[in-house]
Each structure stands twice: as C-alpha cells, then as structure tokens.
Protein chains: 2
Amino acid sequence: MTKVRPGQSPAERPKAAVMEDVAELAGVSAMTVSRVLNAPEKVRPETRARVLAAVRELDYRPNSAARVLVTGRSGVLGVVCFDTTLYGPASTLFGIEQAARNSDYLISIASLPTLNRDWISRGIDRLRSQSVDGVIVVAPHESAAEGLRDLPAGLPVVAVGGGEDLAVPVAAVDQHAGAARATRHLLSLGHSTVWHVSGPPNWIDASGRVAGWRSALEAEGRQVPEPLVGDWTAHSGYEIGKRLARDPEVTAVFVANDHMAMGVLRALREAGRRVPEDVSVVGFDDVPEAAYFWPPLTTVRQNFGEVGRQAFRLLLDRMAGVEDEARRMVEPELVVRESTGVRP
Amino acid sequence: MTKVRPGQSPAERPKAAVMEDVAELAGVSAMTVSRVLNAPEKVRPETRARVLAAVRELDYRPNSAARVLVTGRSGVLGVVCFDTTLYGPASTLFGIEQAARNSDYLISIASLPTLNRDWISRGIDRLRSQSVDGVIVVAPHESAAEGLRDLPAGLPVVAVGGGEDLAVPVAAVDQHAGAARATRHLLSLGHSTVWHVSGPPNWIDASGRVAGWRSALEAEGRQVPEPLVGDWTAHSGYEIGKRLARDPEVTAVFVANDHMAMGVLRALREAGRRVPEDVSVVGFDDVPEAAYFWPPLTTVRQNFGEVGRQAFRLLLDRMAGVEDEARRMVEPELVVRESTGVRP
DNA sequence: CCACAAGATGGTATCGCTAACAGCTCACTC
DNA sequence: GAGTGAGCTGTTAGCGATACCATCTTGTGG
C-alpha cells in the first residue's frame, strides 16, 4: 500500500485501480471481471483465478457508487434514531448493527436532534437520497406515527418499538406484558396496590408500561394510583422518590426504567425507608449494572439484541417484497433480585 | 406522495423523477438544474425559481450515487467502532453524529465484533468501498495502532482516543491528566496512597489512567500498589472491591470507570466499610446517574461531545488537505461529590 | 452604435459498473 | 460430420449526475 507524503506530486499518486485495469492485467474483458465478483460460478475456474490474482495484485475495490447507479441497490441500510446515549436506543442500535454486519449490510445513521414528525421525515429523506435499500426507524415516540404516515413509495421501512397504529411493520419488546408481569410480581408479594413512576408521555414504551401496569391492577380489582411522570433520568426518579417516600401508604413501586429506579432507591433510603423491608421497587431494562444497585434491583429485562435482529429480518422481508403486516413482539423477562419483598 | 399497494402493477409505480424530468418541466437544460442545486448564484433568480418550483412539483431528489460517481465525494463519513453499548463509545459516537449532522454529513457505521488489527482494517475497507469521504476510528485499543498502520492512500482517517504512536491525528480526552487529578484529590484529603482498579489491559484509556495515577503517586513519593485489573463492568468492580475491602490499609481507591466504581461501592458496603468515612472512592466518566450512586460518586467527567466535535474537525482538515500531525486533547474535569472524604 | 467583457445557459463527454444480448467454442448426438 | 445446445466471454448501451467548454445574452464604455 502506498502512502502519499506531502511532497509528492499528484501525478505520482496512483489512482485507484478500476475494473478495466483488472481486466487488462488478467487478459479478459471488464464484463468477466464483473462476473467473477458477482457470479463466480459463471466463470471458468482458471479464468476466475487469473482475475482474482489481478484483483489482489492491484488491490482493486469495486466502486460502489457506480454499482448503485446501475443496480439501484446499495447494501446500505438506514437507521433513524434519537438519543443514542440512552440505554434502550443504544442497545437497539447495537442489535441492528450486529444483525446487519452478519448479512454484510452497512448501516447509515441519521440521528435526530428532536423527536418529531418533521425531523423523522427529514431523516428518512436524507437516507433515501443516499440510496439506502431500506430504513429502520428507532423512534419509540408518538410522533413517529405521523412521521411514518407519508412514506416515499418504494422505500421499505420498518419501525422498532412503535405503537399499534403504525403504517409499517414493527419489532418491539412487549412493554405491556413486561409491565404487567412486574406489577403482578409485586401484588403476589402481598402489596395491596402498586405505584408507578412512568417515562415521559408520548413515548410509546412509557405509555405501554403504564397500560400494562394499569391493566394488571385492574384485573385484580386494585386501586390504581395516579402515575408519577419522570423523564427517564435518575434525577427525575430521585425527585419523584422523595414524594413517594413521604406517603406511608406506598409499599410497592414499579418504575419505568432502571435509572429512574436508582433515583427512587436513593430517595427512599435517604427518607429512612428500607428497601425491600418497607418498600419494594421494580425497574425496567435490566441495565448491566442493575445487579449492583443497592439493593440489587428486581427488574424487567428487554432483549434488545433480539429486537434488532427481528427488525432487520422484517426489513429484509419488506425489501424482498413480502408485504405482511407483521408485528414481531419480543417477550421481556422478569429478573427477581433483592429490591422486592413481602408486604410489611 | 403516492403509496404503492400490493395490487398495483409495476408500470403504475411512478419512477422517481430525475434531473432531466425537472429540466423539461422547467423548460431548461439538465445542466441548469444541476447549477441551481449546487451553485444557485450562477443562475438568474427567475430561472432558479422556475427550477425550484419544478423540483418541488416532482418531489425530486438528486441521486447521490450518480453524483458520487462523477465528483468522487459522497457527503458520508465512516465511523469504525467497537461495542456501542459501553457508555464511552456510545457517547463519542453521539458527539460525532451531532457534529456531522450540523455540517450535513451522514454517518456510516462499521461496528466490529472484535477489537483487533484485522477487523479494524476490514472495517475501514468496507467503508472505503462505500466511497466515504473520510473515516473516524473509535477504537481506544492498542490494536488500533496496528490496524491504522497501512492505510489506503488518499483516504483521510482520524482516530478518537488513540495512543501516542498512531500514524493519524487523534482527538481524545487527556486520560493521564484526569487520572492524576483524581489521584491528587485523594492525596490532598490525607490518604497516604491510592489503590487503583484499572480497565482491561490493551485499552488505551485504561493504560492512560494507570499512567496518570502512577505518576501522581510518584510525584509525591508515595508507595504505588499493584493495580487491580477489571473489565469495565460493575461485576468486575464488585469482585475486586471484595478483595480491597479485606485490606484495612486501603483507604482510597481510584476506579477506572463509574460502573466498576459502583461494584466497588457495593462490595465495600457489604464488608461493612463505610464510604467515605472508612474508604474514599473516585470513578471516571461521570455517567448521568453517578450523582445518584450511594453515596453520590466523586468522578472525572469526560466531555465526549467535545471529543466528537474535535475529531470531526480534525477529519474535515484532513479532507481539505491540511496535513498537520495534530493531537487534540480535551481536558477532563474532576467532579467532587460525596464518595470522597478525609483519611480516617 | 459597435466592440468586448461578463454573465447565463446549453451540449457533450465521462465517471465505473452491470443488464441484456450476441458470439464463439467445444462436446456430444444421431 | 453437421446440427445442437450448453457454457463461457465479449460488445454495447445505459444508470444520473457534473466538468468543461462553447454559445448566446446582456450591459457598458468609447
């Protein structure tokens, strides 16, 4: 490989080899080179070997722009996403990446500064202009529904973690089931009802968890307290936790994610309420460090890797022309640790 | 926008408009349309308006593959990265995304299953074949140095968080300074020396923190205990913490990241050693929830957003042909909370 | 009122690749 | 031994944009 140093004249810089160069060196036509790369079985083994030798010799890489121009397919998938520092989105993205890599797709990312209809459309447009073969929208927010209403024709799109009303296939963790499971776990420990610290309204996951919690309570005819609304941060959990700690009625809390749960735990402890002796707490996500919270957090594990894989699958189907209105739900799993105990 | 339904024949699907269509509708040549899009000031305002109207009418998007083919520039930057669920890499990626979006670049991601020389080269190759304009390698690992040794000529590459010996420009947080600061903070509280829980060997950040810690101790002539090696997880911090808790000599611990610090805190507490009364603990990263650890964690904040921005800048320079061997260091900041106190 | 420059627009070639078809070689059949 | 077809390779024609240069306006000074 040749390094270009500042002093070197442009003429000396070897221009990257193109297919024609390979063809010449191998003594064949460009078409044959193309075939060796795309349908090797159609070329006689000896010819193929000569071509491959030439490819290596010249360190040839096909120019994907040229290929895209003629085939219309790029081998790149677009992902539209919001804050990738949040645990959920980051993990989902990671799952998608892995699935894509295994199938030799590359991922292009359009990350949004704000989560709303307009930016989602814009993100999709930017990806589309890059000729991505398909788009996965990771936007677990109400606005996604609108942003996904008028899609460019012919562009396969799937969503991750979207609501029921999306016009596109969806892969998601079953938030309702997870929340219900967490709630039933607390009820089964003898608590008469369960308080809820929710995520921000308009987030699909947040409302799904509220719904699951509510229906589990209603199914057993329990009183349903007003949910307390946080913003996913430990800080908001802490502030809400302080309020909960003041109310002696509160013996069981289902918190919509682990980081807020961490804030709640801290507030309870500061108020002198012991967990789980006085109050039981369940989180959601199972972040890797949840087992090292104080006390170790009972929580609901989401398999983000699986969700990413399912989304990728769905997109592949769509790209292949399969038009099923699929909704792939991934089951979450309750992980019982030490932050939950029997009613005092 | 037209939706294509299953029943529709291919003939009915409107093919996306191309430049020629716009030209025709506006009554100009394709060349003029191209100019309106790329150098509007060279076109008379009335003509420009006509063209833009036609663009809107046909919902025209330039085909980037065609443009790349002729210009050689794609408006896409490649990012090679490893585990994007870790807080550091995820935040760096986020910083790069933001910087890129502000300058209308799109990001393509090649994530690696394993961090070694071979995969790094492969990642760069895959991106290169997509005609990215430049590559940012987020691979704070020794192997990056080798992977970045033989780069394809003419492809601008910069690294984030690399070691001193990289052949490319680097943007990074000054790990050495951060670790030294944390260590001096502990010494200033009267501790006779400071133990260290490090990250995995071969990680640049890990060795930088070890070096900073060691040099701060040596500068004051203190005894330098053998560092204890973790793997960034809370679990490893917990296991190491149990060992530290047994040694009554240990009164101050500098832990190489916040998640391991969380494990250490837990182990100390379980062993009956109070923080900060008996043992002081400092972390590294300042993850958003660090203020809600028990006790709130004193730690070293890394400004990942700034690192991403610097890396992007550096890459832009390289792409413009500026060949300075720059190393942009971002200063970390010590955030003192309640996990550190005077020597017992 | 003409020469001339500056500004606006158009024509043509080209980027690197592959689809579609054409042509050649050779083995095998009847 | 010519016909047949299978298997391999080559030729041609774009894909959709921009670079480069030519051409046609328009404005300006003498």
Identify each donor-acceptor pair in which a side-chain atom of residues 105-114 of chain B lies under 3.5 Å from a protein atom, sequence neighbours left out, and give them as a table.
from	atom 1	to	atom 2	distance (Å)
B:Ser108	OG	A:Ser108	OG	2.9
B:Ser111	OG	A:Glu97	OE1	3.2
B:Ser111	OG	A:Arg101	NH1	2.7

If you measure from CG on B:Leu155 to CD1 on B:Ile124, what distance do you get to the nearest 0.5 Å?
7.5 Å

For A:Arg313, enumerate each residue passing the side-chain contact (heavy atoms from CB on, under 4.5 Å) test, keeping only those at least two apart in sequence or located in another chain.
A:Arg328

Across all chains, not counting sequence neighbours, the salt bridge (charged side-chain N to carboxylate O under 4.0 Å, His left out) partners of B:Glu306 are B:Arg309

In whole angstrom, give the distance that lies between atom CD of A:Gln130 and atom P of D:dG16.
16 Å

At what angle, to 10 degrees, do the two end axes of the helix from C:dC1-D:dG30 to C:dC30-D:dG1 meet, given five pairs define each axis?
40°

Restricting to pairs with a member in residues 42-51 of chain A, which pass salt bridge (charged side-chain N to carboxylate O under 4.0 Å, His left out), not counting sequence neighbours?
A:Arg44-A:Glu46

Rounding to an integer number of Å, can you tell me how far B:Asn63 CG sits from D:dC15 C1'?
8 Å

Using side-chain contact (heavy atoms from CB on, under 4.5 Å) as the criterion, list what pairs up with A:Asp125, not counting sequence neighbours.
A:Arg128, B:Arg61

Those residues at least two apart in sequence (or on a different chain) that pass side-chain contact (heavy atoms from CB on, under 4.5 Å) with A:Arg117 are A:Glu146

Quick one: side chains of residues 134-141 of chain A, donor-acceptor pairs under 3.5 Å with protein atoms, not counting sequence neighbours, listed by atom name and distance.
from	atom 1	to	atom 2	distance (Å)
A:His141	ND1	A:Ser143	N	3.2
A:His141	ND1	A:Ser143	OG	2.9

Going 5' to 3' along DNA chain C, which nucleotides are the first and last within contact of chain B (any atom under 4.0 Å from a heavy atom)?
C:dA8 to C:dG16

How many whole angstroms separate atom CG of A:Leu69 from atom C1' of D:dC15?
4 Å

B:Asp21: partners by side-chain contact (heavy atoms from CB on, under 4.5 Å), with sequence neighbours left out
B:Ala17, B:Val18, B:Leu58

Starting at CG of B:Leu37 and ending at P of D:dT18, how long is that distance when rounded to a whole Å?
7 Å

Strictly under 4.0 angstrom, non-hydrogen atoms only: write out the protein contact profile of nucleotides 5-13 of chain D, one letter per nucleotide from the 5' end, B, S or -.
---SBBB--

Using side chain to side chain donor-acceptor pair (under 3.5 Å) as the criterion, list what pairs up with B:Arg73, not counting sequence neighbours.
none

